[in-house]
Amino acid sequence: MIVYMTINKLNGSFYVGMTNGKKSGYLGSGHLLEEEIKKYGRKNYRRFVLEKCENRKLAGSKEKYWISKAKNKWKDRLCLNLTTGGEKGYVFNDIVLKKLSKKNKQYYLDRPELKKIYQERAKKTILAYNKKYGPANRKITAKEAKYINEEYSSYRKKLPELAKELGCSITVVSKYVKLKKKSNGSGNGGAKLFEPDVIQIRKMYASGNYLQREIGDKYGVAASVISSIVNRKSWTHI
């Protein structure tokens, strides 16, 4: 990887970038740089290598260093870099952000037909979401909120089941849940089972009609997990 600088021979503007060096005559891909090249022509630009780096990560840090150094040295020249540089963590400067905001706003003001297109697209997205998950703006009554908490806190029903029953999305139902999950049971982020599953597993095993391996296959867990459940070595809170 190489870190390079491209300079406009007419007005002194500069651009710092990095490349693998495979493209001959490559000057850079910055938006402002491309606009200037169209205006002044490629023949009025000169590129030279600042540093050669072993990998892209090192090149990114060097790019950031040289952009900062060039800005401090040539305060009267225009820097064509839109960001502070580097592989990650770069930021747009305030001037660029204002320009981008103004440009984006003007883009849509000049194209009023896009507003209708995006409104129709948003409408279709909402309808598709409501069809799959239920209405996201469904209002829950006080009676329904009480019912949600009773069923959920007693581990009789999961949130997806309650959402389907009430005809709304899981997000709506979760807003009314007052029970704070503990780190055990389904409150554990890595849990594959829910409390209703555990209750059913114990009932199935107690009936004598199922082996632990068969129950494990049904719920997608190992037989050892089922063994811990039915012997109450795990999920002891229910």
Side-chain angles (χ1 to χ4, degrees), residues 88-89 91-92 97 100-101 104-105 107-109 111-238:
K88 293 182 179 180
V91 295
F92 288 103
L97 285 174
L100 289 174
S101 178
N104 289 336
K105 186 177 181 181
Y107 178 86
Y108 291 105
L109 287 174
R111 297 166 178 80
E113 70 279 4
L114 290 179
K115 184 177 181 180
K116 186 176 181 179
I117 294 173
Y118 290 140
Q119 284 178 337
E120 288 297 321
R121 189 178 298 174
K123 186 178 179 180
K124 288 181 180 179
T125 301
I126 293 171
L127 288 173
Y129 179 89
N130 290 345
K131 185 178 180 180
K132 186 175 181 180
Y133 302 105
N137 58 350
R138 160 85 149 79
K139 290 185 178 180
I140 299 295
T141 65
K143 186 178 180 180
E144 289 173 331
K146 184 180 179 181
Y147 173 73
I148 289 170
N149 279 285
E150 286 176 350
E151 294 297 299
Y152 186 69
S153 61
S154 63
Y155 303 112
R156 287 194 290 267
K157 292 181 180 178
K158 307 173 190 177
L159 292 181
E161 293 173 331
L162 288 166
K164 186 176 181 180
E165 183 180 338
L166 296 171
C168 61
S169 67
I170 299 174
T171 305
V172 173
V173 173
S174 63
K175 290 179 181 178
Y176 293 88
V177 173
K178 295 179 181 179
L179 172 68
K180 189 174 182 181
K181 288 281 187 180
K182 297 180 180 179
S183 59
N184 60 348
S186 61
N188 185 331
K192 292 184 178 180
L193 301 171
F194 290 85
E195 281 75 6
D197 298 327
V198 174
I199 294 171
Q200 185 60 28
I201 286 170
R202 286 174 178 159
K203 286 181 179 179
M204 290 172 68
Y205 185 72
S207 70
N209 297 323
Y210 300 91
L211 297 174
Q212 292 180 4
R213 176 177 53 78
E214 293 174 331
I215 299 173
D217 291 341
K218 179 178 175 60
Y219 285 92
V221 296
S224 58
V225 174
I226 302 300
S227 177
S228 296
I229 291 173
V230 297
N231 290 305
R232 297 189 179 275
K233 292 181 179 179
S234 62
W235 297 82
T236 56
H237 63 294
I238 57 173

message: Counting C-beta onward and ignoring hydrogens, is there a side-chain heavy-atom pair between E151 and E161 closer than 4.5 Å?
response: no
- prompt: Any idea which heavy atoms bring V173 and C168 closest together, and the distance?
  reply: CG2-SG, 3.6 Å
Derivation of the side chain to side chain contact (heavy atoms under 4.5 Å, CB included) call for R202 and R232: CA-CA 9 Å; R202 286 174 178 159; R232 297 189 179 275; 2.9 Å; yes
- request: Using a 4.5 Å cut-off on heavy atoms from C-beta on, say whether the side chain of M204 contacts that of E214.
  value: no
field: Shortest non-hydrogen separation from A145 to N149 and the atoms involved
entry: O-ND2, 2.9 Å
query: How long is the gap from NZ on K175 to OG on S169, to the nearest 0.5 Å?
result: 7.5 Å
query: Between the side chains of Y147 and E165, does any donor sit under 3.5 Å from an acceptor?
result: yes
field: Spacing of CD1 belonging to I201 relative to CD1 belonging to I226, to within rounding of 0.5 Å
entry: 4.0 Å
query: Taking the side chain from E144 and the backbone from T141, do they hold a donor-acceptor pair closer than 3.5 Å?
result: yes
query: Can you name the residues that form a salt bridge (charged side-chain N to carboxylate O under 4.0 Å, His left out) with E150, not counting sequence neighbours?
result: none
- request: Look up atom CD1 in I199 and atom CD1 in I229, then write down how far apart they are to the nearest 0.5 Å.
  value: 11.5 Å
task: Could you tell me whether Y219 atom OH has more than 12 heavy atoms of other residues or ligands within 6.0 Å of it?
output: yes
Main-chain N/O of D197 paired with Q200 side-chain donor or acceptor, under 3.5 Å: no
- line: Correct closest heavy-atom pair for P196 and K157 would be CG-N, 4.2 Å
query: Roughly how far apart are K203 NZ and I215 CD1, rounded to 0.5 Å?
result: 13.5 Å
- prompt: Going from CD1 on I148 to CG on L166, what distance comes out if it is rounded to the nearest 0.5 angstrom?
  reply: 5.0 Å
Backbone N/O of Y205 and side chain of N209: donor-acceptor pair under 3.5 Å: no
